[in-house]
Amino acid sequence: MGSMPQRVQYAVSCEKPIALEKLNIATNIKGYNENSKRNRKLSQFAKTKMIEAILSRAAKDGVDVYFVNPAYTSFIGKIKYMPHYKRNIHTMAAHVIGRRALSLKESLPPKYQVESWAQLYKKLK
């Protein structure tokens, strides 16, 4: 899809909002756990810069941005949507993120006899 401004432009052209996961991006940076002061700086810098870029461009173009909880998005996409849509796990996780931004709830498939996605995840892990 390209750079951040292009993604915002796409949202503008489709007249749709943007949905993002609330993530701690810096935990994936090499050497993150070696120094707590450095960790804080990396975490704040990475997250702040990305969010600022998206929010700034979205505000200029009048695009709403929603932040959603990323818990189990890949797992839900894999279990519930991959068999039906025949797409990769990343596309289906994005589908779940979009549904969460719309405040839609994900019910468990009837064939699983558990009460929550967390229980199903532990059971199938």
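For reference, positions follow the sequence shown, starting with 1.
Heavy atoms only, all atoms of each residue included: Lys105 and Arg99 are closest at O-NH2, 3.5 Å. When every heavy atom of Ala101 is checked against every heavy atom of Ala19, the shortest pair comes out as CB-CB, 3.5 Å. What you find for Ala58 and Val65 is that their closest heavy atoms are CB-CG2, 3.6 Å. Considering all non-hydrogen atoms of both residues, Ile79 and Pro109 come closest at CG2-CG, 4.1 Å. Contact detail for Pro70 and Arg100: the closest heavy-atom pair is C-NH1, 3.7 Å.
In terms of modelled atom types and a separation under 3.5 Å, the side chain of Ser56 and the main chain of Ala53 share no donor-acceptor contact. In this structure, Trp117 contributes its side chain and Glu106 its backbone to a donor-acceptor pair below 3.5 Å. When atom types are taken as modelled, the side chain of Asn88 and the backbone of His90 share a donor-acceptor pair closer than 3.5 angstrom.
Cluster membership for Phe75 and Val68, using ILVMFWY side-chain heavy atoms within less than 4.5 angstrom, is not shared. Hydrophobic clustering, with ILVMFWY side chains joined whenever heavy atoms are under 4.5 angstrom apart, keeps Tyr121 apart from Ile97. Both Met82 and Tyr85 are assigned to one and the same hydrophobic cluster, defined by single-linkage of ILVMFWY side chains at heavy-atom distances under 4.5 Å. Both Leu124 and Met92 are members of a single hydrophobic cluster when ILVMFWY side chains are connected at heavy-atom separations under 4.5 Å. Val96 and Phe67 sit in two unconnected hydrophobic clusters of ILVMFWY residues. Membership requires side-chain heavy atoms under 4.5 Å apart, directly or through other members.
Remark: His95 NE2 to His84 NE2 distance equals 8.5 Å, nearest 0.5 Å. Considering OG of Ser116 and NZ of Lys122, their distance stands at 7.5 Å, rounded to 0.5 Å.
Within a 6.0 Å sphere centred on CD of Glu115, heavy atoms belonging to other residues, nucleotides or ligands number 12 at most. Around OH of Tyr112, the count of heavy atoms belonging to other residues, nucleotides or ligands within 6.0 Å exceeds 12. The number of heavy-atom neighbours closer than 6.0 Å to NZ of Lys80, taken from other residues, nucleotides and ligands shown, is above 12.
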Derivation and outcome, side-chain contact (heavy atoms from CB on, under 4.5 Å), residues Ile18 and Tyr66: CA-CA 6 Å; Ile18 295 173; Tyr66 296 95; over 6 Å; no

CA sep, side-chain torsions, deciding dist, call: Gln119, Leu108, side-chain contact (heavy atoms from CB on, under 4.5 Å): CA-CA 11 Å; Gln119 288 176 345; Leu108 287 157; over 6 Å; no

Derivation and outcome, side-chain contact (heavy atoms from CB on, under 4.5 Å), residues Leu120 and Tyr72: CA-CA 10 Å; Leu120 182 58; Tyr72 303 106; over 6 Å; no

Derivation of the side-chain contact (heavy atoms from CB on, under 4.5 Å) call for Gln9 and Arg57: CA-CA 9 Å; Gln9 288 174 348; Arg57 184 58 187 251; 3.1 Å; yes

